[in-house]
Amino acid sequence: MAAGFQTVSFLSDYGLEDEFVGVVKAVIRGIAPGAAVIDIAHQVPPHDVRAGGLVLARTMQYLPPGVVLAVVDPGVATERKAVAVEVGGGLGEDGDEEPRSVVLGPDNGLLAPAVALAGGARRVVALTNEEFHLPAPGPTFTGRDVFAPVAAHLCNGAELDELGEPLDPNLLMPGILPLSRVEEGAVESEVLWVDRFGNAQLNVDPAEIDDLGSPLVLRMGERSRTAVRAVSYAELSPGQVGLVVDSYGLVSVALDRRSAAEELRLGAGDAVRIEPAQD
Amino acid sequence: MAAGFQTVSFLSDYGLEDEFVGVVKAVIRGIAPGAAVIDIAHQVPPHDVRAGGLVLARTMQYLPPGVVLAVVDPGVATERKAVAVEVGGGLGEDGDEEPRSVVLGPDNGLLAPAVALAGGARRVVALTNEEFHLPAPGPTFTGRDVFAPVAAHLCNGAELDELGEPLDPNLLMPGILPLSRVEEGAVESEVLWVDRFGNAQLNVDPAEIDDLGSPLVLRMGERSRTAVRAVSYAELSPGQVGLVVDSYGLVSVALDRRSAAEELRLGAGDAVRIEPAQD
Amino acid sequence: MAAGFQTVSFLSDYGLEDEFVGVVKAVIRGIAPGAAVIDIAHQVPPHDVRAGGLVLARTMQYLPPGVVLAVVDPGVATERKAVAVEVGGGLGEDGDEEPRSVVLGPDNGLLAPAVALAGGARRVVALTNEEFHLPAPGPTFTGRDVFAPVAAHLCNGAELDELGEPLDPNLLMPGILPLSRVEEGAVESEVLWVDRFGNAQLNVDPAEIDDLGSPLVLRMGERSRTAVRAVSYAELSPGQVGLVVDSYGLVSVALDRRSAAEELRLGAGDAVRIEPAQD
């Protein structure tokens with residue numbers, strides 16, 4: 001019994017300068033007037049599948065059940081597949097049915113981390129049934145011509161298996177989530193994300209550095225800085241570098257009211273080695 | 001029988017730094033709580049009527065029937081008219097009534113290309129009836145004080161002829177859509193738009209260059225580059241310039257995963273001459 | 001009889017690069033699917049409480065009754081309180097009940113100007129009841145973990161006094177609204193806001209400068225420029241500086257189709273002395 005969905009959560013690298021996001025929403029509204037679209041973020045750096053996958057992974061648990069549409073698609077108009085991935089919908093431990101969502105996007109690794117966090121893919125189809133697509137004046141805007149109408153039809157109650165050929169969930173392109181490593185009493189980590197405030201999120205669970213004490217030393221290539229563990233940004237004195245547990249529960253490098261990423265010249269993907277401070 | 005509308009599609013040069021867009025939506029929501037607003041785009045370069053008109057023309061066919069509100073208005077608070085233009089609503093070839101929309105905006109050429117694409121203006125009124133406006137603390141924000149309340153009242157079922165004085169549709173300010181020219185076996189074109197990914201859309205239909213073969217030569221002022229016809233961005237090798245049929249069915253200058261506009265120093269309005277490559 | 005609310009108007013300094021705004025909306029949608037969220041603005045400069053408070057004050061009168069959520073919160077995860085402030089809801093002069101809104105945000109002065117414009121706080125509570133919050137993986141994203149769920153529960157009909165401890169409205173942190181001064185036949189003013197078009201809004205009521213005539217002289221530090229009073233931007237000749245009554249009824253420094261702030265090197269907080277021109 002597919003009752004359809006009420007919400008499309010939408011992530012892309014379309015930016016907000018052009019009309020791409022607006023046109024996708026207009027197409028959804030034209031087909032499924034009752035569905036609401038929530039913009040997750042659209043300023044993922046162009047073609048940056050890794051960054052988009054990380055945004056989707058961070059947000060997935062907060063999205064209402066529904067359609068999740070994610071488009072960062074450097075391989076548009078090539079052989080890469082456009083897919084719909086069903087997650088949830090099984091019976092939970094209490095015997096009740098869990099909420100079901102359908103994640104739409106290109107099969108290029110973008111969806112994989114979020115799908116894994118949602119318990120894995122239950123069913124996957126390639127979006128090959130053109131009855132659910134718009135006629136395309138050109139092949140390069142699948143957000144408008146394929147994903148938007150498919151999202152809208154899912155809201156209207158279309159069944160997954162109507163949308164195209166079933167695929168083996170095990171053959172989905174995996175995503176790349178860099179792991180930190182503990183090495184000789186230090187933690188080798190990587191910057192996952194620099195946010196608007198200049199906080200640099202590391203792929204480090206707070207427990208991983210608990211044994212290293214505070215203060216600590218951050219080594220970034222040839223440079224190094226002392227940092228302290230802190231709960232809030234405001235408890236850092238001017239110029240003091242803090243390691244704060246951020247809102248996603250990961251360790252992030254921060255300053256109070258200033259950009260740590262700018263001051264420490266950190267960007268997504270940069271390596272940061274965390275060591276105990278020498279006495 | 002005017003049943004009103006459910007959707008306001010909204011384009012402007014208000015940007016997203018300030019609260020202009022939010023206030024317009026708040027005013028609409030206060031008057032017509034059941035109407036949804038779709039943001040087409042708000043980062044049209046300030047006062048750039050040509051760019052705004054092109055965005056509206058590109059998106060018009062994808063907008064759901066309803067109110068279309070477009071504001072790029074360098075002549076605000078002068079004698080330029082604020083207008084409502086009815087499009088559609090006639091009987092189609094099959095005898096059924098076609099969807100009707102009302103396009104709102106300043107009469108400065110912004111609306112003209114989209115209105116023409118929608119089959120032309122059926123009726124036009126100047127928005128002179130102040131009963132449908134908000135009291136204005138100053139005369140420079142007609143989006144908030146005139147267009148937003150009028151859009152909302154249209155959603156609520158207001159009739160076009162209540163909104164103000166009828167105008168002759170033939171006297172609407174025309175828009176400027178630059179045409180390409182075929183000249184001595186070459187095509188003289190112009191960049192209509194550079195998108196976020198750096199693709200430079202030309203005012204060229206693919207059929208216009210079919211006889212020129214591939215590769216081709218692009219002449220931009222004193223500079224020139226060789227380009228090849230391509231279907232997808234990804235089939236271009238690094239550094240290779242492609243002419244790709246874009247998502248609106250026009251020829252666009254592109255690179256794979258890099259900005260062609262930046263590399264070739266192309267901006268909106270620039271001239272590009274397309275020639276067959278010499279053997 | 002709390003009937004709840006239909007609309008959350010949302011202001012923040014979260015920017016649009018990251019997913020912060022989207023996650024807040026996703027959380028609201030998950031709890032209160034029937035509520036609509038209106039984005040007032042999210043590009044308030046990071047941590048700029050003064051700028052955020054001014055945006056909120058400018059927009060407050062245009063917001064539909066409902067929940068108003070404002071987050072510019074440099075002191076997140078410290079002792080500063082998260083509050084809900086009830087405004088309106090009393091009996092108006094005609095004996096009818098006035099619309100009621102609840103303003104949510106940090107108690108750091110951000111809310112004060114808007115609350116004052118809305119007639120002052122009727123009731124205030126600190127958001128201490130964690131039953132209305134989300135479990136937080138880290139303490140730094142109260143927008144998601146505290147304000148969003150509280151906003152949604154208010155929409156669903158939660159009573160203010162369920163949300164936490166009552167506070168004395170007189171103890172709310174005051175906001176800072178700079179006042180202009182008349183001095184020796186001149187007006188000492190300050191730039192409140194530079195908008196996207198480069199207009200520099202001053203804290204000056206038009207009546208304050210009526211006696212100074214036109215043209216006038218603007219003194220900005222060591223620099224000075226002649227300016228004329230004007231109704232529209234378009235009536236200014238190229239290069240002519242105008243003092244225009246802006247859309248909020250305040251005097252603003254403007255050029256026609258160019259940025260006055262850039263040309264005159266004006267930014268928020270800068271002092272501008274307005275004098276009569278010498279004969």
Side-chain angles (χ1 to χ4, degrees), chain A residues 5-11 15-16 21 34 36-45 51-52 54-66 68 99 193-199 201 205-206 230-236 242 244-252 254 256-259, chain C residues 6 8 10 12-39 41-49 71-80 106 108 133-149 152:
Chain A
F5 297 108
Q6 306 296 316
T7 309
V8 178
S9 299
F10 179 21
L11 166 80
L16 298 171
V21 170
V37 178
I38 291 176
D39 296 298
I40 304 174
H42 296 295
Q43 310 223 59
V44 171
L54 289 171
V55 175
L56 198 62
R58 289 197 298 269
T59 51
M60 192 70 185
Q61 66 167 307
Y62 295 102
L63 303 180
V68 179
W193 169 46
V194 172
D195 73 16
R196 182 192 203 207
F197 302 95
N199 304 307
Q201 185 186 57
D205 189 275
V231 171
S232 69
Y233 306 125
E235 73 190 66
L236 298 168
V244 175
V245 179
D246 77 0
S247 59
Y248 294 98
L250 294 176
V251 172
S252 111
D256 183 33
R257 307 194 195 194
R258 283 166 49 219
S259 168
Chain C
Q6 305 296 316
V8 179
F10 180 21
S12 77
D13 68 345
Y14 288 159
L16 297 171
E17 304 90 347
D18 306 304
E19 72 273 16
F20 300 127
V21 170
V23 169
V24 166
K25 292 196 224 176
V27 169
I28 292 172
R29 175 101 183 144
I31 297 170
V37 178
I38 292 176
D39 296 298
H42 297 293
Q43 311 221 59
V44 171
H47 306 311
D48 192 337
V49 173
V71 191
V72 179
D73 194 7
V76 67
T78 65
E79 293 302 303
R80 74 93 188 87
N108 60 8
H133 305 173
L134 295 191
T140 58
F141 192 0
T142 49
R144 179 193 66 194
D145 301 324
V146 176
F147 293 120

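A note on names: the letters A, B, ... follow the listed sequences, proteins ahead of strands, and every chain is numbered from 1.
C:Glu19 places a side-chain heavy atom less than 4.5 Å from the side chain of A:Trp193. For the pair C:Arg144/A:Ser247, a side-chain contact is recorded, criterion being any heavy-atom separation below 4.5 Å from C-beta on.
Neither the backbone nor the side chain of A:Leu11 comes within contact range of chain C, judged by heavy atoms closer than 4.5 Å. With a threshold of 4.5 angstrom between heavy atoms, A:Ile38 approaches chain C through side-chain atoms but not through N, CA, C or O. Both the backbone and the side chain of C:Gln43 come within less than 4.5 Å of a heavy atom of chain A. Contact of A:Val244 with chain C is made through the side chain alone, with heavy-atom distances under 4.5 Å.
Across every non-hydrogen atom of C:Pro74 and A:Ala234, the tightest pair is O-CB, 4.3 Å. Residue A:Phe197 comes nearest to C:Phe20 through the heavy atom pair CE1-CE1, 4.1 Å, listed as atom of the first residue, atom of the second, then distance. For C:Pro137 against A:Val245, the heavy-atom pair with the smallest separation is O-CG1, 3.9 Å. A pairwise comparison of heavy atoms in C:Gly30 and A:Pro64 identifies CA-CB, 4.1 Å as the closest pair.
Rounded to the nearest 0.5 Å, atoms CD1 (C:Ile28) and OH (A:Tyr62) are 14.5 Å apart. Atom CG of C:Asp18 is separated from atom CZ of A:Arg196 by 8.5 Å, given to the nearest 0.5 angstrom.
Listed options A:Glu235, A:His42, A:Arg58 were ranked by heavy-atom pairs under 4.5 angstrom with chain C; first place goes to A:Arg58. Comparing C:Leu134, C:Val44, C:Thr142 by how many heavy-atom pairs each has under 4.5 Å with chain A, the most go to C:Val44.
Annotation for C:Glu17: atom CD counts as buried by contact number, over 12 foreign heavy atoms lying within 6.0 Å.
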